[in-house]
Structures are given as structure tokens and as C-alpha cells.
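Structure first, then comments.
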Amino acid sequence: MKKLNSKWKIILYGCSGMGVNMLNLIMGSYICSALLTGGFNQEDIGVWTFGKENLVIAAVWSIIVVIAKIIDGIIDVPMASFTDNLKTRWGKRRPAILIGMIPMILAYLGMLLPMNNTATMFNTVMYGVFLCIFYSFYTLTMVTYYATFSEIVDNEKDRLFLSNVKSVCDIFYFILGYALIPVFIGMKIKIKIVALIFLPFVLTMLIPLFMIKGDDNRNENTEKVKTVSLVKSIAYAFKNKTFIIWMLVYSFMTFGVQLFLGGINEFFSYHKLSMSIIMAASFAPVPFTLILYNYLTRKKGFGFSFGYTLIVFAVGMLMMFGCKFIDNGTTKLILGLASGIVCSFAVGSLFSVAYSIPSYLASKEEKETGIAHSAMYFAVQGLFAGVFTGLATGVVLVTLKETGTIYLLTVVAALSCIIAFLLMNILPVSIKNFGKESDTDNEE
């Protein structure tokens, strides 16, 4: 694959996944929440949900969400093998991206179809089917895109730069998702209409179809690296002890972050806080706070900078929990803003690591063994993330909604990130030192 040779091309490439990620955000944080009325202020039910009554059976839906996320995680593995071993005149990445996008968009639209206005088993199963299809083909699209991070650039400096660009783009769509969407809701535009308004953003994923060059891999003699079968690819990933330890850290971090993001609209509705203002405070400063994160990574290494990130996020979550004990609206808003600003020093890097560490490990293995299966690292990471996200948003979040304890959401999220911080201690030195100037300056 032809390497990107300029910063502006890397920046453009890093923006590619923004639209697909935006659809995933809307699906997980808004569409799934719109099926249940629990946790919402009575004034908000008409616009935040698809109706004034539950459209799915809560207990069954919580199980389906977990199953959907587990399927999402499990299917990552064969789909990663599919894209790693696909041989066409257009290469292995571009066709896989296109194959994933079409069913994903159709399933997204399926979630917006009108159903019975009461909680029925038919509704619950049909929404569950669409959810499983969406997550499965979202996975194929994005795991293919992420796999190119170890192929489209040829050194660690550019790989870190690409990961940081992607992280900044993540913040941009988070601002759109968590600051702008509530503005639409405040204008009494129903969430179903808002979901359709943002659908065209998915077209950003067409960028790699034009930027990936020199990917014709039909003739194996032109390949500089070896591909491996599905079983061997899985084995290589799980034999990498560094990667598995990283999965433990990443999984607990994911649990905390996705629990908060999955229940964010209910949490702010419960506390009668301005979601738009506080989320703007959380996400707008991120491009600048990433500068601090990158500085710490260069000087102290990934272990120090990411540990700092986890603790900062936990502190921000606990500060947000304090809003429950404040009755004065102005004081509550000030505390909410302060907690959002604290979180801004963490959220960018929390997403950046999802791209930088797997691509680093995949590139390292390719250099050492000659085996190229970078998609599998993202697939296995997706498997762990899917299980922990399913537990967070399908079990814990639904339980908090149905028991009227949504105010505990940020406490649980904070505890999960503290566990991830403690697990950082068992990461090997090679990962803790990843990103230090002394380790990367001499790499080509």
C-alpha cells in the first residue's frame, strides 16, 4: 500500500471515520435510549424518545443489548480475517469498507422504522435484529479502516500523529453528538428526525476509497509480507501477552466511558442540567488538552500520560456526581461546568489509545515476524470492548434507569477507570515507555 507522504493527507485520512462513528454514537447514546422512557424528565419524554411509552420490554432488551455487543465483538474476529486476507484488484481494504457500509446504513434506517406504540416482544426482537446487523457491519467498516493505520504510514511518529488526528475528529463528532443534538432537542425536534439529519455524515468514509493506492494484492508474489489463516491470526493475537494485558486495561476504561456516554442524556435530564453547555465545556478544549497529553507522552511515556488520563476522568466523574446534592440551579451548573472542564483533560486521549496501541503492536509484530494481520488486533480489541460495553449499557445502565438510580452512573464510571489505572501497573515497560522521545526519534 502506498504510504501517505504529507501531513495534510494524514489529516484528511484521519477524518474519514468521523461520519460512521457519528452514526454509532447516535445509535448507542440516543436511538437505543429512545426505546425506553425510564430515566427521563417527564418534560423531555416526547422529544428524547420514540413515544410516551416503552417500545421494548426492558428486561428482554437489556439482554438483547448485551447479546448484540457480544455478537459485535465475536464477529470482529472473522471479519478481521476476511479483510486481512481479501484479494481483489482493488486490494483488501477498500472493498471491505464498502461491503460494511451498505448493510450498516440500512440497519440504522431500520431502527427508525415505526413500530407498535407499546412494549411488545415483536418490537423488542425486531429492534434487536437491526441492532445486531448495525453493529456487525459497523465493525467490518471500522476494523478495516483502523487496520490501515499500520499500513498507510511507515513510522511511529506519523502513526501517533494519525491517531491524534483521529482522536481530535472523535472530539468533533462528540461535540456534535453531545452538545449540538441537545440543542435540536431543545428546539423540540424529535430524536428520530435528528438521527436522519446526521445520516449524510457517513459519506466521510468514502475518503479512504480514493486515498488508498497501490493495494492490488491478487498476485501473492508482489506481497512483501505474509498473511495467515483465521485460526492462526487469532492465535498470534492471543499469544501476545502485552496485547492481552492491554486488553484488561482497555476493557475497564471502556466500561466506564461507555457507561457514561450511553446514559448521558438520562443523567443530565435527571439532574435538570444543560447537556449542551457542559458537554461543550468537556469537548471544546480537547484539541488543546491533547497537546498536554502528547507532551507528557513524549517526556514520560505512555504509562504515565495514560495513567494521568484515567485519574483525571475519574475525578471529573465524581465531581459530576456531586450535582445530585445541590439544589441551587446556578451552583449546580457551575459544578457541572467545572467537572466538564476537568474531563476535557482526559477524553481526547481516552479515544486516541484505541488506535495507537493496537496499530503499534501490529506494526511491531509485522517487522519482527513478517506477518501482516493488523485488523485482527482491532478485532480482538473490539471483542473485549463489545463485551464490556454490553455489560455497561445493556445491564448496568438499564438497571440504573429502571431502578431510578441513574444518578449513580458517574460513580460506577469513575470506579471502573480507577480499576483500569491500577491494572496499568502490570503493563510491560515497552508499552509504558511507548511514545517517549528517546524511543521513537530513531525509528523510521
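As the structure is a prediction and not an experimental result, all values here were calculated from the model.
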_Validation row: Ile357, Phe302 side chains within 4.5 angstrom (heavy atoms)_ = yes
Centroid-centroid distance, [X] to [Y], less than 6.0 Å:
X	Y	result
Phe384	Tyr250	no
Tyr13	Tyr145	yes
Trp246	Phe306	yes

_Pairing residues for Thr399 by the side-chain hydrogen bond (donor to acceptor under 3.5 Å, both in side chains) criterion, not counting sequence neighbours_ = none
*List in chain and number order the residues that pass side-chain hydrogen bond (donor to acceptor under 3.5 Å, both in side chains) with Ser33, two or more places apart in sequence or in another chain; answer none if no residue qualifies.*
Glu266
*What residues, two or more places apart in sequence or in another chain, satisfy ring-ring contact (aromatic ring centres under 6.0 Å, His included) together with Phe313?*
none
Is atom [atom1] of [X] surrounded by more than 12 heavy atoms (other residues, nucleotides or ligands) closer than 6.0 Å?
X	atom1	value
Phe345	CZ	no
Lys190	NZ	no
Lys7	NZ	yes

Per-pair distances, 0.1 Å, donor-acceptor, side chain in residues 101-113, under 3.5 Å, sequence neighbours excluded:
unit_1	atom_1	unit_2	atom_2	d
Tyr108	OH	Ala195	O	2.7

*Please walk me through it: do Ile31 and Leu131 pass side-chain contact (heavy atoms from CB on, under 4.5 Å)?*
CA-CA 10 Å; Ile31 294 178; Leu131 188 63; over 6 Å; no
*Without hydrogens or angle criteria, can the side chains of Tyr377 and Asn240 be said to hold a donor-acceptor pair below 3.5 Å?*
yes
*Answer with yes or no whether the side chains of Thr118 and Thr120 bring together a donor and an acceptor at under 3.5 Å.*
no
*Any residue meeting side-chain contact (heavy atoms from CB on, under 4.5 Å) with Phe252, in chain and number order, not counting sequence neighbours*: Phe388, Ser416, Ile419, Ala420, Leu423
*Residues forming a side-chain contact (heavy atoms from CB on, under 4.5 Å) with Thr389, sequence neighbours excluded*: Lys69, Thr254, Gln258, Thr393
*Could you go through the side-chain contact (heavy atoms from CB on, under 4.5 Å) check for Phe201 and Asn21 one step at a time?*
CA-CA 9 Å; Phe201 274 75; Asn21 284 147; over 6 Å; no
*asked:* Donor-acceptor pair, distance only, cut-off 3.5 Å: does the side chain of Thr144 make one with the backbone of Ile97?
replied: no
*asked:* If we ignore hydrogens and angles and just use 3.5 Å, is the side chain of Lys332 paired with the main-chain N or O of His271 as donor and acceptor?
replied: yes
*Find the distance between CG (Leu335) and CE (Met320) and round it off to the nearest 0.5 Å.*
8.5 Å
*Value rounded to 0.5 Å, distance of CG in Leu176 from CZ in Phe184*: 9.0 Å
